[in-house]
Student: 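Below is a structure I'd like to ask you about.
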Amino acid sequence: MNFRTRFAPSPTGYLHIGGARTALFNLLFARHNQGKFILRIEDTDVARSTEESIKAILDGMEWLGLHWDEGPFFQSKRFDLYREHAYKLLEKGEAYRCYCTPEELEARREAAMKEGRPPKYDGRCRNIHEKLDKPFALRFKVPPGTTVVRDIIKGAISFDNSTIEDLVILRSDTTPTYNFCVVVDDATMDITHVIRGDDHINNTPKQILLYRALGHELPVFAHLPMILGSDKTRLSKRHGATSVMAYKEMGFLPHALVNYLARLGWSHGDEEIFSFDGLIEKFTLESVGSSSGVFNPEKLLWLNQHYIKATPDDELAGLVAPFFESLGLKVAGDERLPKIAATLKERSKTLKDMAESGAFYFKDKVEYDPKATEKFLTPDNAELFALVIARLEPLAEFTHKTLEEAFNAILAEKDLKLGKIAQPVRVALTGGTVSPGIFEMMEAFGKGMVIARLKDALAHMRSTAVK
RNA sequence: GGUCCUAUCGUCUAGAGGCCUAGGACGUGGCCCUCUCAAGGCUAAAACCCGGGUUCGAAUCCCGGUAGGACCGCCA
């Protein structure tokens with residue numbers, strides 16, 4: 001069997017977290033089974049679809065590494081095909097012309113809701129057999145009976161057809177509607193597995209009926225549980241960023257998001273960390289859970305930190321550089337960047353964090369935190385600082401090792417603990433009391449900057465002594 | 001209102017009738033390590049929605065309640 005899955009977003013906004021997971025699961029399933037993953041843009045709503053949205057969705061998938069094998073196909077380019085199929089249904093008597101206007105339908109719907117009746121189309125045009133000289137839409141004639149959806153994730157779900165209304169398949173402006181296009185496309189594109197959010201479950205019986213009317217074999221359905229926000233309602237902007245690209249901007253690594261999304265709804269024993277290949281190898285629809293899950297930013301952060309730590313220094317340097325730049329710091333071409341990133345990686349949850357907490361490396365002047373300087377850059381530390389400078393200046397090699405040796409020598413001579421000297425040095429170099437370890441940091445800084453900052457600090461100590 | 005889905009620590013989840021004294025992970029507390037902050041190690045608290053069945057035995061199967069959620073367009 002040739003497995004074929006598809007991701008079919010509508011271009012009315014950016015790539016959403018939920019959409020990204022749907023795309024991911026489709027891709028993983030296809031790859032796991034040596035099948036094809038197809039991208040289709042559902043832009044039948046001409047009024048709401050935009051070029052920017054299409055680009056945003058493609059960019060999002062690109063960034064996440066979700067590469068498709070065929071497409072993108074655009075429904076807007078296939079209108080003739082849908083019309084052809086719709087009229088075939090009309091000829092076969094499986095569809096009929098409906099002359100009700102949208103305004104009339106809307107009024108009836110409102111009235112029905114008011115009276116507590118189901119707002120279902122009453123089928124009044126079903127029996128008009130002659131063609132009237134009025135604009136019309138084409139409606140599908142839902143047959144009586146029961147329709148069973150066999151879903152890999154949810155099991156068998158049965159629907160009484162009497163609860164399904166005669167849906168419009170072709171609007172009065174001759175454009176086709178969603179449920180119809182989906183079926184025509186999935187059928188003609190030989191999609192074997194329809195994997196999508198479970199908000200589509202109620203559409204599925206309609207689609208099954210359409211497949212039958214069109215004389216096509218059914219695909220396998222798999223409805224993924226929803227992703228919810230912290231208040232257990234459908235994830236939306238209220239819960240924070242929902243755009244995939246917003247996570248890029250916040251300094252997340254694409255694979256951290258992929259790993260997180262994969263584990264939201266799917267699991268493989270006790271494993272938490274998966275490479276992309278590992279996901280492909282281990283992913284099955286059978287191990288997708290059936291209940292919805294709450295999006296947990298904390299866990300995403302943990303994964304992001306994990307992958308930051310696992311990224312090689314030179315690669316990390318390239319990734320974090322734009323975040324330094326957006327802070328107004330010029331880091332392009334600075335060959336210290338890999339070493340600097342190395343000192344920061346264990347204490348950064350995002351690339352943005354990393355740039356912010358490492359900004360001191362690139363500032364022309366240290367920005368002293370008043371409380372920190374008051375506590376550590378004190379006159380009585382001046383003598384010690386002078387000694388440190390004297391010992392560091394002659395160092396031919398300026399490495400973690402030689403620096404630690406130099407400091408240990410001073411500590412032994414003066415009978416001091418490292419803590420006594422590390423904090424003042426830290427403040428001298430960074431302006432604050434929180435930073436990477438001083439030896440790795442000094443090595444990353446380079447000798448010139450270290451000596452300069454130490455001397456600045458010494459001057460600061462002496463000036464406060466005068467006052 | 002109708003249709004449908006779902007139900008294990010706060011959160012993501014393991015669990016396929018006995019391996020469950022319910023496991024892992026995030027987060028949270030404590031301890032250790034330590035030049036600060038992290039990272040790391042150890043450790044603690046923390047859950048089978050309720051009620052009936054079925055069975056020698058049920059977190060697991062069935063039914064009913066309850067609670068959440070999704071969908072009900074000439075949107076997708």
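Every chain is numbered from 1, with letters handed out A, B, ... down the list of sequences.
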Student: Rounded off to whole Å, could you give me the NZ-to-C1' distance for the A/Lys417 and B/rU36 pair?
Tutor: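 Between C1' of B/rU36 and NZ of A/Lys417: 16 Å.
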Student: Are more than 12 heavy atoms, taken from residues, nucleotides or ligands other than A/Glu374, located less than 6.0 Å from that residue's CD atom?
Tutor: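 Atom CD in A/Glu374 is not packed in, count stays at 12 or less.
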Student: Would you please name every residue forming a salt bridge (charged side-chain N to carboxylate O under 4.0 Å, His left out) with A/Arg97, sequence neighbours left out?
Tutor: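 Expected list: none.
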Student: How would you list, by chain and number, every residue that makes a salt bridge (charged side-chain N to carboxylate O under 4.0 Å, His left out) with A/Lys349, sequence neighbours excluded?
Tutor: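 So A/Lys349 forms no salt bridge (charged side-chain N to carboxylate O under 4.0 Å, His left out) with any residue.
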Student: Between protein and nucleotides 63-76 of chain B, map the contacts as a letter string: B base, S sugar-phosphate only, - none, heavy atoms under 4.0 Å, written 5' to 3'.
Tutor: ------SBB-SBBB
Student: Nearest-Å distance, CZ (A/Arg347) to C1' (B/rG40)?
Tutor: 12 Å
Student: Tell which nucleotide pairs with B/rC72, taking only Watson-Crick or G-U wobble pairs whose two distances are both under 3.5 angstrom.
Tutor: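 Its partner is B/rG1.
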Student: Let me have a per-nucleotide readout for nucleotides 19-35 of chain B, 5' to 3', with B, S or -, counting only protein heavy atoms under 4.0 Å.
Tutor: ----BBBSS-------B
Student: What integer distance in Å separates A/Leu235:CG from B/rC12:C1'?
Tutor: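 About 14 Å, once rounded to whole Å.
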Student: Between A/Tyr307 (OH) and B/rA39 (C1'), how many Å, whole number?
Tutor: 17 Å
Student: Kindly write out the residues that satisfy side-chain hydrogen bond (donor to acceptor under 3.5 Å, both in side chains) with A/Tyr211, not counting sequence neighbours, or none if the list is empty.
Tutor: none
Student: Check whether A/Ser348 reaches the backbone of A/Leu344 with its side chain - one donor and one acceptor, N or O, closer than 3.5 Å.
Tutor: yes
Student: Base, sugar-phosphate, or nothing for A/Thr433, non-hydrogen atoms under 4.0 angstrom?
Tutor: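 Contact class for A/Thr433: base.
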Student: Which pairs, with at least one residue in residues 223-232 of chain A and sequence neighbours excluded, count as a side chain to side chain donor-acceptor pair (under 3.5 Å)?
Tutor: A/Asp151-A/His223, A/Arg196-A/His223, A/Thr204-A/His223, A/Asp231-A/Thr233, A/Asp231-A/Arg238, A/Asp231-A/His239
Student: Scan A/His400, A/Lys401, A/Lys339 and name whichever one has a side chain to side chain donor-acceptor pair (under 3.5 Å) with A/Glu443.
Tutor: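 Of all the options given, the one that passes is A/Lys339.
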Student: Under 4.0 Å, heavy atoms only, any strand: does A/Lys309 hit a base, just the sugar-phosphate, or nothing?
Tutor: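 A/Lys309: backbone/sugar contact only, no base atoms under 4.0 Å.
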Student: Expressed in angstrom and rounded to an integer, what is the separation of A/Asp369 atom CG from B/rC37 atom P?
Tutor: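 After rounding, the gap between these two atoms is 15 Å.
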Student: Using only side-chain N and O atoms of A/Ser348, determine if any of them is under 4.0 Å from OP1 or OP2 of B/rC37.
Tutor: no
Student: Tell which nucleotide pairs with B/rU34, taking only Watson-Crick or G-U wobble pairs whose two distances are both under 3.5 angstrom.
Tutor: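 Partner of B/rU34: none found under 3.5 Å.
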Student: Using the side-chain contact (heavy atoms from CB on, under 4.5 Å) criterion, which residues pair with A/Arg48? Sequence neighbours excluded.
Tutor: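 With sequence neighbours excluded, A/Arg48 shows a side-chain contact (heavy atoms from CB on, under 4.5 Å) to A/Thr12, A/Asp45, given in chain and number order.
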Student: Could you let me know what B/rA7 is paired to, Watson-Crick or G-U wobble, both distances under 3.5 Å, or none if it's on its own?
Tutor: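 Looking at the geometry, B/rA7 pairs with B/rU66.
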Student: I'd like a table of atom pairs between the protein and nucleotides 44-51 of chain B - only N or O on both sides, under 3.5 Å - with the distance next to each one.
Tutor:
none

Student: Who pairs with A/Arg212 by salt bridge (charged side-chain N to carboxylate O under 4.0 Å, His left out), at least two apart in sequence or on another chain?
Tutor: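 Checked A/Arg212 against salt bridge (charged side-chain N to carboxylate O under 4.0 Å, His left out); zero matches.
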Student: If you measure from the P atom in B/rC35 to the same atom in B/rU28, how many Å do you get, rounded?
Tutor: 25 Å
Student: Which whole number of Å gives the distance between the C1' atom of B/rU8 and that of B/rG24?
Tutor: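 Each nucleotide's C1' atom is 13 Å from the other's.
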Student: Students often get this wrong, so: under 4.0 angstrom with heavy atoms, is A/Ser53 touching a base, only sugar-phosphate, or nothing?
Tutor: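 Touches nothing.
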Student: Between B/rC62 and B/rC71, how far apart are the two C1' atoms, rounded to whole Å?
Tutor: 28 Å
Student: What is the separation between atom CD1 on A/Ile153 and atom C1' on B/rC4, rounded to the nearest whole Å?
Tutor: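 These atoms are roughly 16 Å apart.
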Student: Got a salt bridge between A/Lys206 and A/Glu165, using NZ or NE/NH1/NH2 to carboxylate O under 4.0 Å?
Tutor: no
Student: Going by salt bridge (charged side-chain N to carboxylate O under 4.0 Å, His left out), name the residues that satisfy it together with A/Lys120, two or more places apart in sequence or in a different chain.
Tutor: none
Student: Output all residues satisfying ring-ring contact (aromatic ring centres under 6.0 Å, His included) with A/Tyr178, sequence neighbours left out; order by chain, then residue number.
Tutor: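 Per chain and number, A/Tyr178 pairs via ring-ring contact (aromatic ring centres under 6.0 Å, His included) with A/His200.
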Student: I'd like the P distance from B/rA16 over to B/rA7, given in whole Å.
Tutor: 16 Å
Student: Under the ring-ring contact (aromatic ring centres under 6.0 Å, His included) rule, collect the residues that match up with A/Phe140, sequence neighbours excluded.
Tutor: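 Partners of A/Phe140 under the ring-ring contact (aromatic ring centres under 6.0 Å, His included) test: none.
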Student: Check the distance between B/rU6's C1' and A/Ile157's CD1 and give it to me in whole angstrom.
Tutor: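 Taking atom C1' of B/rU6 as the reference, CD1 of A/Ile157 is at 11 Å.
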Student: Which part of the nucleic acid, if any, lies within contact of A/Ser267, taking any heavy atom under 4.0 Å across all strands shown: a base, the sugar-phosphate backbone alone, or nothing?
Tutor: sugar-phosphate
Student: Base, sugar-phosphate or nothing for A/Gly265? Non-hydrogen atoms, less than 4.0 Å.
Tutor: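 Sugar-phosphate, backbone atoms only, no base.
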Student: In whole angstrom, what separates A/Met441's CE from B/rC37's P?
Tutor: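 Whole-Å distance recorded here is 14 Å.
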Student: Under a 3.5 Å cut-off for both contacts, is B/rA39 paired Watson-Crick or G-U wobble with anything, and if yes, with which nucleotide?
Tutor: none
Student: Applying the Watson-Crick and G-U wobble criteria at under 3.5 Å, what pairs with B/rA47? Answer none if nothing qualifies.
Tutor: none
